[in-house]
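Here is the structure we will look at.
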Amino acid sequence: MSGRKETVLDLAKFVDKGVQVKLTGGRQVTGTLKGYDQLLNLVLDEAVEFLRDSDDPLKTTDQTRRLGLIVCRGTAVMLVSPTDGTDEIANPFIQPDGA
């Protein structure tokens with residue numbers, strides 16, 4: 001067993017592909033993964049941030065802000081997922097009005 005630390009994520013398969021990144025504090029960005037390191041620092045190109053609802057900071061809105069080339073610090077990264085092959089679905093646990 002070597003003393004070298006292995007990352008749980010194999011991000012090599014996502015390089016030059018679209019990813020969605022959720023950060024601590026509720027920020028959410030999408031972009032093209034250009035690079036990463038063992039500390040999970042990510043370099044995203046053509047990054048777009050999804051702005052949060054002013055009434056409910058836990059919800060994102062359809063409003064976006066173009067950021068361009070950014071570095072996401074590894075300590076702030078909570079989730080990395082590919083944008084290809086994912087679809088947003090309606091929440092099945094929300095009760096219809098009047099139920």
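Considering only heavy atoms from C-beta on, R27 comes within 4.5 Å of E49 through its side chain. Put simply, the side chain of L69 reaches to within 4.5 Å of the side chain of V43, judged on heavy atoms. Within the 4.5 Å cutoff, the side chain of L23 has heavy atoms near those of the C72 side chain. Annotation: side chain of D62 is not in contact with side chain of F50 (no heavy-atom distance under 4.5 Å). You'll find the side chain of V29 reaches within 4.5 Å of the side chain of L67, heavy atoms only. A 4.5 Å side-chain heavy-atom check between V21 and L79 finds every atom pair outside the cut-off. Annotation: side chain of L42 is not in contact with side chain of V71 (no heavy-atom distance under 4.5 Å). Contact check for L51 versus T64: no side-chain heavy atoms found under the 4.5 Å cut-off.
Under the 4.5 Å side-chain contact rule for hydrophobic residues, L39 and M78 do not share a cluster. With hydrophobic clusters built from ILVMFWY side chains whose heavy atoms lie under 4.5 angstrom apart, I70 shares a cluster with F14.
Between D16 and K34, the shortest heavy-atom contact is OD1-NZ, 3.1 Å. Pairing each heavy atom of R66 with each of V48, the nearest pair is NH1-CG2, 3.5 Å. When all heavy atoms of E46 and T32 are compared, the closest pair comes out as OE1-OG1, 4.1 Å. Scanning all heavy atoms of the two residues, the minimum distance from V80 to V77 falls at CG2-CG1, 3.7 Å.
The closest donor-acceptor contact from the side chain of T83 to the backbone of G18 lies under 3.5 Å.
For CG of N91, the number of neighbouring non-hydrogen atoms (other residues, nucleotides, ligands) closer than 6.0 Å is greater than 12.
With rounding to the nearest 0.5 angstrom, the CZ atom of R73 is 12.0 Å from the CG atom of L40.
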